[in-house]
Amino acid sequence: MQINEKYDFKDIEQRWQLRWDEEKTNKVTHEPGRPKYYVLEMFPYPSGRIHMGHVRNYSIGDVIARYKRMQGYNVLHPMGWDAFGLPAENAAMKRGIHPAAWTYDNIDYMRGQLKAMGLSYDWDRELATCRPEYYRWEQKLFLELLERGLIYRKETTVNWCDDCQTVLAREQVIDGTCWRCDQPVLPKTMHGWFFKITDYAEELLSDLDKLSGWPEKVVTMQRNWIGKSTGLACDFQVDGHDETITIFTTRPDTIHGVTFMSLAVEHPLLKTLTEGTPQQEAVERFVQETLIEKQRSSLDQEPDKKGVFTGRYCINPFTGDRVPIYAANFVLMEYGTGAVMAVPAHDQRDFEFAKTYDLPIKPVVQPKGDTLDPATMESASVDPGVLVASGDFTGTESEQAKVDIIAHAESQGFGKSHVTYRLRDWGISRQRYWGAPIPVVHCEHCGIVPVPENELPVVLPGTNEASGNHSPLHQQEEFIATTCPSCGKPARRETDTMDTFVESSWYFARYTSPRNEDGPVDKEAAKYWLGVDQYIGGVEHAILHLLYARFFTKLLRDLGYLEVDEPFINLLTQGMVIKDGTKMSKSKGNVVDPSDLIEQYGADTVRLFSLFAAPPERDLEWNAQGVEGASRFLNRVYRMVVQNLACFEAEASVDTATLNDASRALHRKTHQTIARVTDSIETNFHFNTAISGVMELVNQAGSSAGDGVDQAVYRETLETILTLLFPMVPHFCEELWTLSGHKEQLHFSSWPSFDAEAAKEDELTIVVQVNGKVRSKLQVTPSIGDDQLKELALNDEKVIKFMDGKEPKKVIVVKKKLVNIVI
RNA sequence: GCGAGCGUGGUGAAAUUGGUAGACGCACUGGACUUAGGAUCCAGCGAGCUAUGCUCAUGGGGGUUCGACUCCCCCCGCUCGCACCA
């Protein structure tokens with residue numbers, strides 16, 4: 001065999017990638033009874049080219065996949081494309097091509113880039129969410145959920161851009177204008193489809209406790225997003241009117257301090273209460289002004305508290321007090337009941353409102369060691385304390401009072417214990433073209449009629465043409481016009497498409513049986529593979545994607561497809577790739593194109609650098625010189641192996657009895673390194689320290705080469721280096737493994753285990769401290785006893801000097817580590 | 001405002017979880033080899049000083065401890081998330 005003395009990464013990587021492709025090395029099948037491991041990286045949006053964030057994400061995932069494979073697991077490691085979405089439509093408009101053409105071109109290009117990285121995906125499982133083979137099952141799920149009442153339609157106010165003819169998400173509204181065309185965004189009421197995620201709020205919250213493999217930060221963010229509050233829902237009778245107003249409060253203990261009532265401007269009772277009264281005009285004007293202001297206000301600033309008196313009063317059922325009802329700009333219709341009992345003494349917003357409109361402030365909870373005086377209070381007092389001026393409840397601790405007051409309201413029938421969540425139902429309607437069509441028909445006679453299952457998929461029109469009509473669906477008459485599946489008369493198709501988050505909410509389940517034609521998943525395959533043992537992606541998906549995926553897992557479970565409660569057992573949120581202190585982005589002009597790097601250094605070097613520069617969860621500062629360092633290291637190992645091929649003719653096992661010092665030291669270091677690298681990967685995927693461990697071994701192997709090292713030991717060391725590095729730099733190791741005469745590929749080899757006996761040190765370095773400061777070091781045999789060690793330390797020359805003739809007060813011995821002499 | 005997290009050399013980072021602070025890499029400095037070196041190899045590399053050694057040093061201050069980057073309290077700075085949630 002011709003051996004190249006130089007590390008020719010281009011040749012090596014191309015050859016191995018071709019071989020992996022041809023031999024389908026990474027293909028994986030469902031093997032009941034064999035332990036499985038499912039590792040998944042968040043699939044990419046096919047935007048055109050991969051970026052450094054992808055490189056990092058997929059390098060991490062690939063190391064884990066290969067590592068677990070070497071440990072004997074049946075590893076599922078799939079890849080696909082989150083392919084629907086607005087950028088395709090924008091690109092299509094700009095370039096005059098079809099969104100499908102743009103998307104599929106990008107997928108082809110990016111697949112090539114991923115293959116050039118040498119990632120061990122089972123490409124036979126690839127999926128793209130924009131294909132009817134995928135979204136037809138999403139449509140089926142939609143219909144099943146619709147039937148179960150978990151999807152419904154309602155009228156809501158949305159942010160509408162008339163210019164773009166579409167609904168905008170809240171974050172797409174910038175200072176009241178559209179992020180894309182800068183035109184004013186208008187509130188518009190329209191019908192939309194909603195998933196009843198609030199039905200699962202409690203389970204989504206309580207199951208967070210099962211996610212011990214998730215970063216605490218993400219769990220906290222989800223908990224806050226769901227936002228559970230317990231309190232009292234209580235009816236206040238409107239004075240001189242039939243209506244009652246129901247409020248929700250988490251502070252029932254302050255109910256005796258209510259001095260007015262605030263309603264959201266959208267509250268339906270506002271109209272009822274003011275119609276035909278002298279206040280009607282003022283209230284209507286205020287409502288209009290507030291609605292406009294809400295639309296306009298930038299998100300980062302709270303407007304001043306404002307309101308208007310409705311002319312009406314209501315009765316506090318606890319005190320019988322008659323308090324004025326206001327419409328107020330700070331009350332949210334979407335949360336609680338849209339009506340708030342105002343306790344200015346104990347709520348900051350109510351306090352500010354009361355100050356503005358000169359309303360009474362009545363303290364009813366006195367914090368310990370403090371007496372609240374309404375005349376001098378500068379802000380609301382929100383601390384717990386003892387109730388005052390609260391009728392029968394006076395003198396009760398506030399926590400107890402909450403319980404007692406709820407109980408009292410329940411016994412009197414005007415209130416009850418109530419739980420409310422911040423989480424709202426998930427609106428999935430999008431007035432866009434490039435998304436999965438919602439499979440229902442609108443019939444004048446029958447209303448909303450589901451498309452029968454045997455007519456699925458409802459295919460997005462025009463996707464089979466290279467270019468063609470891709471205007472929004474509501475402009476495509478040939479798509480819209482249909483017949484009612486129920487009565488057969490002419491009817492119209494739904495023109496909304498689904499939010500792209502729907503596709504990414506169940507793709508991990510589809511990967512377990514991506515070609516299944518009998519349903520969204522094959523139940524047996526799903527049972528075998530799920531949950532995902534390790535999920536990896538950016539923290540920017542900490543709330544929405546991960547919450548929706550959890551929600552869908554529970555839906556699929558309740559529909560009988562899955563048996564797991566949670567989709568992702570362990571979650572790793574990797575940090576961003578930054579350069580010059582900020583995230584890489586086109587607008588900042590600091591992007592580094594991974595393909596250029598792979599061209600220049602090879603995929604293995606790029607992978608090694610991205611794994612070495614920082615632990616996965618931390619941000620990675622891009623550093624071109626660091627890539628050079630990674631390249632240098634691989635070149636060094638290459639030379640070391642190629643120049644020492646002779647050692648591979650030595651015995652595969654080491655005879656420890658005959659080793660000289662250098663050989664024994666290298667043998668020991670080799671086994672210590674196996675232990676250390678395994679531990680670094682096992683405990684927290686800290687590949688940076690794993691790599692530095694291998695570097696140390698390489699350094700020692702290099703420096704002991706001239707010391708007459710036993711060839712069997714040298715062979716063991718080189719084999720260990722290649723095996724340990726394989727998950728990170730697979731082409732490189734596979735090539736050197738073959739060059740050194742191995743028949744079986746590393747891919748099919750086992751992760752090495754370490755020999756504890758070999759790793760044991762002959763000598764220990766014991767630190768000797770005097771009063772906690774290091775004064776000396778002792779070389780001792782590991783078997784030394786504590787007393788002996790103490791003796792040695794006390795007689796040490798340097799120690800004696802620092803003890804300065806004083807008697808030791810206390811001597812602390814830490815096994816195998818140190819002796820501290822306190823004087 | 002609320003919540004979470006972070007802060008270690010010139011620099012990316014380590015530190016067996018309370019036991020030698022700075023492993024490993026980058027940069028830098030000196031040397032070797034060389035026609036040449038941006039290759040390779042060797043050595044040095046936290047700061048200060050009265051330098052074979054000592055003192056100081058993990059954002060700042062205090063505490064617990066024989067011993068603190070690590071635990072506790074206060075402050076400063078940065079990052080992220082939520083944001084009038086009653």
Side-chain angles (χ1 to χ4, degrees), chain A residues 6 215-225 227-229 231-232 247-251 254 262 264 297 299-305 328-332 334-343 346-350 352-353 420-424 539-540 542-543 575-576 608-609 612-615 617-630 632-633 635-636 639 675-676 679-680 683 686 688-696 698-699 702-703 765-777 798 808-823:
Chain A
K6 262 196 68 193
E216 190 60 38
K217 178 191 166 94
V218 176
V219 172
T220 304
M221 280 164 75
Q222 294 226 345
R223 184 170 287 123
N224 293 342
W225 187 261
K228 180 180 181 175
S229 297
L232 168 71
I247 59 94
F248 171 73
T249 181
T250 55
R251 290 296 303 274
T254 65
S262 313
S297 69
L299 288 167
D300 48 296
Q301 201 153 16
E302 285 174 18
D304 289 339
K305 307 286 177 287
N329 66 343
F330 62 91
V331 180
L332 303 172
E334 316 83 79
Y335 184 77
T337 60
V340 179
M341 66 173 209
V343 187
H346 303 295
D347 181 280
Q348 186 57 25
R349 294 151 302 183
D350 298 343
E352 288 169 29
F353 193 89
T420 191
Y421 300 89
R422 295 179 47 184
L423 184 69
R424 290 171 216 152
V539 74
E540 65 272 20
I543 298 177
M576 291 184 302
L608 187 70
F609 168 74
F612 179 59
E617 68 279 1
R618 208 184 299 196
D619 284 351
L620 185 155
E621 171 76 30
W622 176 256
N623 179 346
Q625 282 155 335
V627 186
E628 292 278 357
R632 205 178 298 165
F633 172 70
N635 274 288
R636 191 160 169 230
R639 262 179 276 125
R676 181 172 159 191
D679 188 63
S680 283
T683 50
H686 278 194
N688 55 332
T689 52
I691 293 166
S692 70
V694 178
M695 284 174 168
E696 282 185 38
V698 169
N699 288 346
S703 61
T765 303
I766 301 291
V767 171
V768 185
Q769 299 181 326
V770 178
N771 282 345
K773 286 192 171 145
V774 181
R775 297 303 184 189
S776 184
K777 288 169 191 179
K798 291 179 194 152
K809 213 188 276 174
K810 198 166 159 190
V811 179
I812 290 143
V813 179
V814 180
K815 279 220 176 335
K816 295 184 181 178
K817 276 191 184 134
L818 61 67
V819 179
N820 188 12
I821 299 161
V822 187
I823 55 171

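These numbers were taken from a predicted model, which means no experiment stands behind them. Numbered from 1 within each chain, the chains take letters A, B, ... in sequence-line order. Just so it is clear, the values below take in all heavy atoms, side chains as well, and ignore hydrogens, waters and symmetry mates.
The CG-P distance, from A:L620 to B:U11, rounds to 17 Å in whole Å. Across the protein-nucleic acid pair, A:I543 atom CD1 and B:C82 atom C1' stand 7 Å apart, rounded to whole Å. Here B:G7 presents its P atom at 13 Å from CG of A:D619, a figure rounded to the nearest Å. Between the CE atom of A:M576 and the C1' atom of B:C78 there is a distance of 13 Å, given to the nearest Å. Distance A:I812 CD1 to B:G19 P: 14 Å, rounded to the nearest Å. Protein atom CE of A:M341 is 14 Å distant from nucleotide atom P of B:C85, rounded to whole Å. Distance A:N224 CG to B:C2 P: 14 Å, rounded to the nearest Å. If you take NZ of A:K817 and P of B:G18, they are 10 Å apart, rounded to a whole angstrom.
A:V539 comes within 4.0 angstrom of no nucleic acid atom, judged by non-hydrogen atoms across all strands. When heavy atoms are screened at a 4.0 angstrom cut-off, A:N699 is found touching the sugar-phosphate backbone but no base atom. Heavy atoms of A:N635 sit nowhere under 4.0 angstrom from any nucleic acid atom. Across all strands shown, A:R223 has no heavy atoms under 4.0 Å from either base or sugar-phosphate atoms. No contact: A:K809 has no heavy atom under 4.0 Å from any strand. A:V774 comes within contact range of the sugar-phosphate backbone alone, with a heavy-atom separation under 4.0 Å but no base atom that close. Heavy atoms of A:V767 sit under 4.0 angstrom from at least one base atom. A:E334 comes within contact range of no nucleotide atom at all, as no heavy-atom separation falls under 4.0 Å. A:G629 comes within 4.0 angstrom of the backbone, heavy atoms only, and of no base.
Anti is the glycosidic conformation of B:U8, whose angle departs from 0 by more than 90°. Base orientation of B:G9: syn, the glycosidic angle falling within 90° of 0. Nucleotide B:A51 carries a syn base; the chi torsion (O4'-C1'-N9-C4 or O4'-C1'-N1-C2) is within 90° of 0.
Between A:K773 and the phosphate of B:C56, there is a side-chain N or O to OP1/OP2 separation shorter than 4.0 Å. The phosphate of B:A13 (OP1 or OP2) has no side-chain N or O of A:N623 nearer than 4.0 angstrom. Considering only side-chain N and O atoms, A:N688 lies under 4.0 angstrom from the phosphate OP1 or OP2 of B:A14. At the phosphate of B:C84, neither OP1 nor OP2 sits under 4.0 Å from any side-chain N or O atom of A:R422. Between B:G12 and A:R618, no contact under 4.0 Å exists linking OP1 or OP2 to a side-chain N or O. The side chain of A:R636 places an N or O atom within less than 4.0 Å of a non-bridging phosphate oxygen (OP1 or OP2) of B:C41. In terms of phosphate contacts, A:R349 brings a side-chain nitrogen or oxygen within less than 4.0 Å of OP1 or OP2 of B:C85. Look at A:K217 and you won't find any side-chain N or O under 4.0 angstrom from OP1 or OP2 of B:G5. Taking only side-chain nitrogens and oxygens, A:Y335 comes nearer than 4.0 Å to OP1 or OP2 of B:A86. Between A:T220 and B:G81 there is no side-chain polar atom (N or O) within less than 4.0 angstrom of OP1 or OP2.
Taking atom P in both B:G48 and B:C75, one finds a spacing of 34 Å when rounded to whole Å. Comparing the P positions of B:G62 and B:A14 gives a spacing of 29 Å, expressed to the nearest Å. Annotation: B:U11 and B:A36 have their P atoms spaced 36 Å apart (nearest Å). Nucleotides B:U79 and B:G59 are separated by 15 Å at their C1' atoms, to the nearest Å. If you take atom C1' in B:A21 and the same atom in B:U70, they sit 11 Å apart, rounded to whole Å.
Figure legend. B:U35 is base-paired to no nucleotide; pairs are counted as Watson-Crick or G-U wobble with both atom distances under 3.5 Å. Taking a pair to require two hydrogen-bonding distances under 3.5 Å in either a Watson-Crick or a G-U wobble arrangement, B:U79 pairs with B:A4. Under the Watson-Crick and G-U wobble criteria, each requiring two contacts below 3.5 Å, nucleotide B:A43 is paired to B:U29. Pair assignment for B:C49: B:G53, on the basis of Watson-Crick or G-U wobble contacts that are both within less than 3.5 Å.
Take the nearest nucleotide of RNA chain B for A:T249 and for A:F612: the residue whose nucleotide is more 5' is A:F612.
By the 4.5 Å heavy-atom criterion applied to side chains, A:R676 and A:S692 are counted as neighbours. For the pair A:M695 and A:F612, the minimum side-chain heavy-atom distance is below 4.5 Å. For the pair A:V698 and A:R636, the minimum side-chain heavy-atom distance is below 4.5 Å. For the pair A:F609 and A:W622, the minimum side-chain heavy-atom distance is below 4.5 Å.
A:N329 places a side-chain N or O within 3.5 Å of a backbone atom of A:D304 that can act as its donor or acceptor partner.
For the residue pair A:S680 / A:T689, a side-chain donor-acceptor distance below 3.5 Å is found, with atom types taken as modelled.
The line from CD1 of A:I821 to CD1 of A:I812 is 10.0 Å long, rounded to the nearest 0.5 Å.
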